[in-house]
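Reviewing the structure listed below.
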Amino acid sequence: MHNCYAFDGGNAGDWRVVSMSPRCGAALESVEYIDVRRSDRREEIPTSTWTLHGQISNLRYATRAEVTTLRSTQEALGRPEARQAALIPIKKSEAWWNLAQDERRSLFEEQSQHTAIGVSYLPAIARQLYHCRDLRQPFDFLTWFEYAPENAGAFEELVTKLRLTTEWRYVEREMDIRLERYR
C-alpha cells in the first residue's frame, strides 16, 4: 500500500524533535525523534514510544480548480533545503463529523478559506495531509509541513491564520510537534 505511512515517535529517526506541545486535548508522550516511513500498518517498530498511521487520500473538500492550483504550485516533500518540519495531528469533534459534506465544505473553504490560506504560502512551505480517522487512530488527520529555516516565520503565520478560522472551532485535540532534519 504505497499511500500508507507511519510516524514513529521514539529515540531514533530522521527528524529530531525541537518542541512538542498539546494545543488542546490530551498530549502525546514526549519523544526525541520521529521517523516517517511507508507502511502497510502491519509492521510496528518495537522501540517506538508511539506510532501514528495515516494514508494519503483524495482532497475531500477541494474543487477541481483548487486541486489544479495546489498541484501546480506545491513543491515536493524531501527538498534538501527544507530542514525544518512540523507534524500537527488533529482530531475534530463529533459535531464536525455529524455535518453533511456540503456543510463541512462550506466551513472549510467558504467560511475559513483553508485552501486559499495554504496556497498563499506555497511553494515555500510544502505540505501533505494524511487521513487516519478510518484507520481507527487517535487523530483524524496528520498534517505534515516541510520548509527551509528562512521560512519558519511564514510557517508561524500560516498556522496562526488557520487556527483563527471558523473550521478550527471543531478541533478537539491538536498536538504541535516541531522538528529539524537529523540525517
Charged N to carboxylate O under 4.0 angstrom, E81 versus R181? no
Does the side chain of D8 pick up a donor-acceptor pair with the side chain of W50 at under 3.5 Å? no
Y5 ring center within less than 6.0 Å of H53 ring center: no
Scan side-chain atoms only and decide if W96 and E167 contain a donor-acceptor pair under the 3.5 Å cut-off. no
Shared ILVMFWY cluster between L99 and W97, side chains joined below 4.5 angstrom? yes
Side chains of L28 and M20: does their closest heavy-atom pair fall under 4.5 Å? yes
Dump the intermediate steps for side-chain hydrogen bond (donor to acceptor under 3.5 Å, both in side chains) on K161 and Y121, then the final yes or no. CA-CA 11 Å; K161 285 180 181 179; Y121 290 91; 3.1 Å; yes
Indicate the ring-plane relationship of Y147 and F155, choosing parallel, tilted or perpendicular according to the 30° and 60° boundaries. parallel
Name the orientation class of the two ring planes belonging to W15 and W144 (parallel below 30°, tilted from 30 to 60°, perpendicular beyond 60°). perpendicular
Lys/Arg N to Asp/Glu carboxylate O, E146 vs R83, below 4.0 Å: no
Salt-bridged, R37 to D14, with N to O below 4.0 Å? no
T115 versus E109, side-chain donor and acceptor atoms under 3.5 Å: yes
Result of checking E172, E174, M175 against K91 for side-chain contact (heavy atoms from CB on, under 4.5 Å): E172
Is the closest side-chain heavy-atom distance between L87 and Y130 below 4.5 Å? no
